[in-house]
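In what follows, every chain begins at residue 1, and chains take the letters A, B, ... in the order their sequences are listed.
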There are 2 protein chains.
Amino acid sequence: MTRWLDDDEQRTWRDFLAATQLVNEALDRQLQREAGMPHTYYMILVALSEAPERSMRMSELAARAQSSQSRLSHAVARLEERGWVRRHRCDSDRRGNYAVLTTEGFAALAAAAPGHVAEVRRSLFDVLTPEQVGHLAEICAALRNTLEQ
Amino acid sequence: MTRWLDDDEQRTWRDFLAATQLVNEALDRQLQREAGMPHTYYMILVALSEAPERSMRMSELAARAQSSQSRLSHAVARLEERGWVRRHRCDSDRRGNYAVLTTEGFAALAAAAPGHVAEVRRSLFDVLTPEQVGHLAEICAALRNTLEQ
DNA sequence: CCATTTTACTTGAACTCTCATATACTTAGC
DNA sequence: GCTAAGTATATGAGAGTTCAAGTAAAATGG
């Protein structure tokens, strides 16, 4: 009944898990150490920094930062405590909330970015050949298109 | 000073994050829903099931299950509460501990496996062409070799 | 319009993970 | 042998995540 993984698939799957975990751990450690935030918070700040007025509705922010709504809600509460993000009610739809990146939040992001990018290079791009990077791009786009929403 | 990511790299990086997160979330949800355990616990049970006597030293188990020692320690404590794993002191080195998979633990793993493998196929192998799977295997092996230890 | 459903977001509790530290045993050096 | 250093694991606190439930405001539809 069950189609088990053959040896090649088994090896690929385990390498996939190990590799992606290693990359994510490297990233998280770098950001935690040098910027005092987890990668998920960094992604929220990035998404906000790219939005008009550095401001976005909570639900759109959740989508852009690849976060669940609940996770985002908790995270923004923490970021607000640090003064990096502010929330304010939306007038046209009073259920809604905007999250706004503060000046201090933008500064924290700007301070964190160089170390982060260096880690991204170290743990992903520098490890692979240009051809492999191209393949990876196609693979990830395919996965994303299929699995998203 | 900082070598920022160009547009292609940016896109690849974001697709990488999204894709790997989607796969991991799909996996975790499936296991939590159908087997009542997170993927990290599943990996621990798998590693134990493949060991001689279904038994392994904690530190070796941590390495095989890609877990930190602390995480493993906590996880095995929980698994012990469920009766899926037992711990017993090692005689030759009395600092050491063996973790042993119980019969019930093996049964839980056996019950969870088919649904898990199906999810692995659904969220990874079925999405990609055979060629892409080959590329992914090379990429992940390269990452693992470089980033491990 | 009024009741129902849906949408947007928050909250609290339970759980897992990380980091720093503690404990217990072993190995090395002298 | 005895002390210092190292190894194997556990533990506790703090932080983040998830899931289920709660609140509040819009949209739907007779």
Participant: So for A:Ser70 and D:dC19, does any side-chain atom that can act as donor or acceptor lie under 3.5 Å from a complementary atom in the base?
Facilitator: yes
Participant: In whole angstrom, give the distance that lies between atom CD of A:Glu25 and atom P of C:dC17.
Facilitator: 11 Å
Participant: Could you state the CD-P distance from A:Gln69 to C:dT11, rounded to the nearest angstrom?
Facilitator: 13 Å
Participant: Any cation-pi pair here, B:Arg78 with B:Tyr41, using under 6.0 Å and within 45°?
Facilitator: no
Participant: Has A:Arg71 got a side-chain atom pairing as donor or acceptor with A:Gln66's backbone, closer than 3.5 angstrom?
Facilitator: yes
Participant: Let's see if you get this right: which residues in residues 30-67 of chain B place a heavy atom under 4.0 Å from DNA chain D?
Facilitator: B:Arg57, B:Met58, B:Ser59
Participant: Could you check how far CZ of B:Arg29 sits from C1' of D:dT17, rounded to whole Å?
Facilitator: 13 Å
Participant: Strictly below 4.0 Å: does A:Asn97 bring a side-chain N or O up to OP1 or OP2 of C:dT10?
Facilitator: yes
Participant: Assess whether atom CZ of B:Arg82 is packed by more than 12 heavy atoms of other residues, nucleotides or ligands within 6.0 Å.
Facilitator: yes
Participant: Under a 3.5 Å distance rule, please check whether B:Arg86 uses its side chain to pair with a backbone N or O of B:Tyr98 as donor and acceptor.
Facilitator: no
Participant: Kindly check if the number of other-residue, nucleotide or ligand heavy atoms within 6.0 Å of CG (B:Asp91) is above 12?
Facilitator: no
Participant: Might you work through the side-chain contact (heavy atoms from CB on, under 4.5 Å) test for B:Ile139 and A:Val127, ending with a clear yes or no?
Facilitator: CA-CA 9 Å; B:Ile139 290 166; A:Val127 178; over 6 Å; no
Participant: Under 4.0 Å between a side-chain N or O of A:Ser73 and OP1 or OP2 of C:dC9?
Facilitator: no
Participant: Would you call the rings of B:His39 and A:Trp13 parallel, tilted or perpendicular, taking 30° and 60° as the class edges?
Facilitator: tilted
Participant: Does the B:Ser49 side chain pair with the main chain of B:Val46, one donor and one acceptor, at a distance under 3.5 Å?
Facilitator: yes
Participant: Does any N or O in the side chain of A:Thr102 come within less than 3.5 Å of the main-chain N or O of A:Gly83, such that one atom is a donor and the other an acceptor?
Facilitator: yes
Participant: Please say which of A:Met56, A:Arg64, A:Glu53 ends up in a side-chain contact (heavy atoms from CB on, under 4.5 Å) with A:Leu48.
Facilitator: A:Met56
Participant: Provide a list of protein-nucleic acid N or O atom pairs under 3.5 angstrom, restricted to nucleotides 21-29 of chain D.
Facilitator:
| unit_1 | atom_1 | unit_2 | atom_2 | d |
| --- | --- | --- | --- | --- |
| D:dA26 | OP1 | A:Arg94 | N | 3.2 |

Participant: Contacts to DNA chain C from residues 74-90 of chain A, heavy-atom cutoff under 4.0 Å, which residues?
Facilitator: A:His74, A:Arg87
Participant: Are there over 12 heavy-atom neighbours, none belonging to B:Phe125, within less than 6.0 Å of that residue's CZ?
Facilitator: yes
Participant: When the distance from CZ of A:Arg71 to C1' of C:dT16 is rounded to whole Å, what number comes out?
Facilitator: 14 Å
